[in-house]
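For reference, the structure discussed in these notes is given below.
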Amino acid sequence: MSTVTTPAAQQREPARPSRPQLVAWLLRQTAPLLWPLALATVLRVVGQLAGIAILVVAVLGVSGQLSLSATVVTMVVLALAKAVLRYLEQFSGHFVAFAALARLRDLFYARLAPQAPAATEGAGSGELSERATRDIDRVEVFFAHTAPPALSAVLVPAIALAWLGGTQDAILASAIAPFVIFVVLVVPALGGGASWRASRDAVAAKGAVAQHVSDSVQGVREVLAFEHTAARLDDMDARSESGARSSLLAARISAVRGALVLLLQWGSVLAALLVGSAGVAAGELIWSQLLVALAVAIGLFVPTRAVESFVTDLNASFASAARLYEVIERPPIVTDALAQPGGAGQADSARQEHREHPVALAFDGVTFAYPEGVGSNSEAHAAPSRVVLDDVTFDLRTGEHLTVVGPSGSGKSTIASLALRFWDPLGGVVSLRRGAGPEPLQRIPLDELRTRTALVPQRPYLSDGTVGQNVALARPDASDEEILAALRVAALDEWVMQQPKGLDTPVRERGGGLSGGQRQRVAIARAVLADPELLVLDEATSALDAATEQTVRERLAEWAAGRSILEISHRIDTLGDTDRVLVLDAGRIVEVGSPERLRHAGGPFQQLLER
Ligand SMILES: Nc1ncnc2c1ncn2[C@@H]1O[C@H](COP(=O)(O)OP(=O)(O)OP(=O)(O)O)[C@@H](O)[C@H]1O
């Protein structure tokens, strides 16, 4: 089989961002929230200065420079102010954080949806939900616990030491300053690279564990039936251990930083004490100045300690942000309509001969290959990839029922995916009817395309809710009569009406509570209710018994009058109302014709029949 080069839009993963790039990206996504963030920072700086002021006022009171009543009143006022400032700071910081998280969640879903199903098909659902929930939550640290502590760790010492130097003595301030500079600027950088890598690995391992749990839950029957429980547990342990190792390394680095911060903080007190005592002994300073310096040094513990604690959390937060960035910034696999006035495209004139039965769907020289490693975890991958469809050309006329058959892996479902523009072809054009002629799918807005077409897959997804809600997915405003009429086409109306709750019969996640055949029929009813002009059935009746399938096919044929059906089928003995059959082999069309003719034509179709 030949190979082709996958185009950039279908293969490129966004480059792994650095931490400064992540900061810029996060701030860009949440630009309108920056003013409350600035407010939170100002409130924190003022609040922490008030904290230091309380200690200084106490010292001034004890040393007799302030009267007892003035000391008490000032301390009470400062304490109250500090409490109010703390409340407002926490409120505005978390307001920013939660609004930012809501924005990121919206963005995550808005960017993921257009990449589906191509990007979500191969991706682990557990992995994706870990990104959409825990990873987004971890980014909270960046918004609520980064800018205010980082800026106040610099500003509060700068202001406090400038005040100390200006009002008391410059020597005292310069004794404390080197320690503070070391704590604020040097300690956070220690082990920075290793800590960042460890945080990244730990967050990735958590994603892998979430995926493992989700796989085990979804495949619990297979796990039990094939006695795979012990192996699954071992696998889970291995993933958890790898995450724990990374977390432990990050925790160790954080512990070393924490110890160093404490050492330096008490070092600053000791330095102030030594320099101050020497000054007092030499008669250059008085005791109260020394005590004020000690109060400032101790008061600076709070703003400077915050630096160490947020650096570790911040790395985890960046690691999570990087995982969101991968999904949000990944180029969409299909982009919305390259709207061009004029409607019908290049295939228009070539298709005029079908005016009486205009073309509903046309494939013109379509070639396709899946990009390697599709899925949310995939790293950038290189072409070439294997050709799945090779120069496929056919028309489906309005009102026609065309069935694609062929051996497993021949590319049948891929034709369905291209017809619905889940992917774009690498070569050639797929078109849908516009007026009398076909129009390339890339020129049709995706919303319009989704309303004009409907798909019934082999394993339809039914969500948690009721039968009625699942049918009405495309038209939530449909009346009960309309839903029942659609269910009648799918031959499920009688069963539904026999249920005590009728249309309100509950359906659990993934269609739990319904049989495979019932799920397929709910999906058929859903597609019928959507009232598409092109219905794509991909092995849509494979779980039905022969009699029910016959009924469904008859009713679908009646309903479909004037609509077009593209069917993908394994079962060539039950072609029902099919007008034409298209036989596919290894991505190429090898035979086309009516089932009656092909049955005796001695070609690939007859060979498939006789297998
Ligand atoms: N999402 C995907 N990513 C990568 N390769 C894929 C993907 N889907 C299908 N393929 C490959 O493309 C080829 C054609 O697959 P397709 O599902 O179209 O065949 P099919 O004829 O419908 O098969 P079947 O009858 O078994 O359902 C197969 O070799 C398959 O492995």
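Just follow the structure's listing: the first ligand is 1, and inside any ligand the first atom is 1. When a residue number appears, it is its place in the shown sequence, counting from 1. Just so it is clear, the values below take in all heavy atoms, side chains as well, and ignore hydrogens, waters and symmetry mates.
Between Trp423 and ligand 1, no pair of N/O atoms sits closer than 3.5 Å. Checked against a 3.5 angstrom limit, the closest N/O atoms of Gly411 and ligand 1 fall inside it. Residue contacts with ligand 1: Val388 is placed with no nitrogen or oxygen under 3.5 Å of a nitrogen or oxygen of the ligand (distance criterion only). At under 3.5 Å, a nitrogen or oxygen of Ser413, whether backbone or side chain, sits near a nitrogen or oxygen of ligand 1.
Salt bridge status for Arg138 with Asp135: present, with a side-chain N to carboxylate O gap under 4.0 Å. For Asp531 and Arg563, the salt-bridge test passes: some basic side-chain N is under 4.0 Å from an acidic carboxylate O. Contact check on Glu130 versus Lys206 returns no salt bridge, with no Lys/Arg side-chain nitrogen under 4.0 Å from an Asp/Glu carboxylate oxygen.
In the vicinity of Ser410, heavy-atom distances shorter than 4.0 Å reach the ligand 1 atoms 19 (O), 21 (O). Every atom of ligand 1 with a heavy atom of Pro407 under 4.0 Å away is listed here by number and element: 21 (O).
Remark: distances from the non-hydrogen atoms of Gln458 to ligand 1 are all 4.0 Å or more.
Ring geometry for Phe394 versus Phe363: interplanar angle under 30°, hence parallel rather than tilted (30 to 60°).
Taking Asp585 as the reference, nothing meets the salt bridge (Lys or Arg N to Asp or Glu O under 4.0 Å) condition, with sequence neighbours excluded. For Thr505, there are no side chain to side chain donor-acceptor pair (under 3.5 Å) partners, not counting sequence neighbours.
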